[in-house]
2 protein chains.
Amino acid sequence: MAETPYAPSRIRALPSWLLGRAAARGHRLVADALAAEGMRMMHHAVLSGVAELGPLSQAELGRTLGIDPKDMVAIVNDLQKDGLVTRTPDPKDRRKNAIEISADGRRRLRRTQQLGDEANAELTAALTPDEREQLIALLTRIALPVE
Amino acid sequence: MAETPYAPSRIRALPSWLLGRAAARGHRLVADALAAEGMRMMHHAVLSGVAELGPLSQAELGRTLGIDPKDMVAIVNDLQKDGLVTRTPDPKDRRKNAIEISADGRRRLRRTQQLGDEANAELTAALTPDEREQLIALLTRIALPVE
DNA sequence: TGGTTATCGTTGGGGGACCCAATGAAGCCC
DNA sequence: GGGCTTCATTGGGTCCCCCAACGATAACCA
């Protein structure tokens, strides 16, 4: 491939720029890995959230994962169409849908979790386990709005 | 506003996920700040690159900043339209355009650099200067493909 | 020298993530 | 009971990223 000069540039020392680059690479790695199972990042994230947090509404899912309600509709549609989750009206609150993972969903999740972990290992391959933990800790502290 | 539960989720411990969140917040902060000058992130990045690396071709700019040639065309169009850069045919190589920053471009860059720095300060406000340097160092090592 | 290969700017198309506003239905609070 | 809120859904929009192709030009090399 072509040799990229990557001359020093003021821009590339800014956290926001580095975050964008690193996130793009991470997204590429994970998305490519998940594509082997016909899944996308958001689908995997939602499936993982549903598996952990039990049956819950789309709004709750969206809040915990930071996903827009509009996008959530499409994601749950896809997951439901593939039989990975069930969407049943909540008898307690008829506005809500109770989203729950299915047996197929659990099986799929096992594989996508594996793929996601591998992709993240490759993403952080240049780091020691200690450094990886440092990175996670630092990112956690700047990822959220101050509120 | 609604209380976001942010219950523990396996997804949110993954570097790729955290990177996506942090990058989104960084982009929001920087983009909002630059919007005050009518600039977008990519425009500022290109302007900064041109200022540092002197007159150079669009392809070289794209390689150093990781910007797609297609997007570079639009960005340079905008910058040229605003009189911030000049695009002149390179006499040495008539395929290339020599992009160079103008006096107006330098003035604009001074302001946008200030705004970008402030936004990045806010982005990393929760970190000590030491931790900020750590984060930059770690990100630098995972931002680039292995090559 | 002539033919192949590569690069440059440009145009075209497309996808994924993110965000905002509005709607009807349903629950909540007083 | 009336006002406010929440829920799922629909619609519209922006930005960044990637791939493919093209005509023009340059570089390579036998």
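The chains referred to below are lettered A, B, ... by the order of the sequence lines, with proteins before strands, and numbering in each begins at 1.
- Rounded to whole Å, atom P of D/dA8 lies 9 Å from atom CZ of A/Arg87.
- Remark: A/Arg28 is not in phosphate contact with D/dC17, judged by side-chain N or O atoms under 4.0 Å from OP1 or OP2.
- Ion pairing between a basic and an acidic side chain is recognised when a charged N comes within 4.0 Å of a carboxylate O; A/Arg10 and B/Glu52 show no such pairing.
- Rounding to whole angstrom units, NZ of residue A/Lys70 and C1' of D/dG13 are separated by 10 Å.
- Rounded to the nearest 0.5 Å, atoms CG (B/Asp130) and CZ (B/Arg132) are 12.5 Å apart.
- For A/Asp68, taking side-chain heavy atoms from C-beta onward, the closest of the listed nucleotides C/dC8, C/dC19, C/dG12 is C/dC19.
- Between the P atom of D/dT9 and the CD1 atom of A/Ile99 lies a distance of 8 Å, rounded to the nearest Å.
- Taking atom CD of residue A/Glu60 and atom P of nucleotide D/dT5, one finds them 19 Å apart after rounding to whole Å.
- Atom pair A/Met72:CE and C/dC19:P shows a separation of 13 Å (rounding to whole Å applied).
- On a pure distance criterion of 3.5 Å, a polar donor-acceptor pair joins the side chain of B/Arg95 and the base of C/dT7.
- Comparing A/Ala24 and A/Asn97 by the nucleotide of DNA chain D that holds the closest heavy atom to each, the one mapping nearer the 5' end is A/Asn97.
- Between A/Gln58 and D/dT6 there is no side-chain N or O to OP1 or OP2 distance below 4.0 Å.
- Exactly one residue among A/Arg111, A/His43, A/His44 makes a side chain to side chain donor-acceptor pair (under 3.5 Å) with A/Glu37. That residue is A/Arg111.
- In this structure, A/Asp93 places its CG atom 6 Å from P of C/dG27, rounding to the nearest Å.
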Notebook entry, point to check: Please walk me through it: do B/Asp90 and B/Asn97 pass side chain to side chain contact (heavy atoms under 4.5 Å, CB included)?
Noted result: CA-CA 5 Å; B/Asp90 186 340; B/Asn97 289 335; over 6 Å; no

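- Distance CG (A/Asp32) to P (D/dC19): 10 Å, rounded to an integer number of Å.
- For the OP1/OP2 pair of C/dC19 and a distance below 4.0 Å, the side-chain nitrogens and oxygens of B/Arg25 include no atom meeting the criterion.
- When each of D/dA8, D/dC16, C/dC18 is scored by its nearest atom to the side-chain atoms of B/Met42, the top-ranked nucleotide is D/dC16.
- Atom pair A/Asp71:CG and D/dT14:C1' shows a separation of 13 Å (rounding to whole Å applied).
- Closest approach to the A/His27 side chain among C/dA17, D/dT9, C/dC8 is made by C/dA17 (side chain taken as heavy atoms from C-beta onward).
- If you find the closest nucleotide of DNA chain D to A/Val73 and to A/Gly20, the one lying nearer the 5' end belongs to A/Val73.
- Between A/Arg94 and the phosphate of C/dC28, there is no side-chain N or O to OP1/OP2 separation shorter than 4.0 Å.
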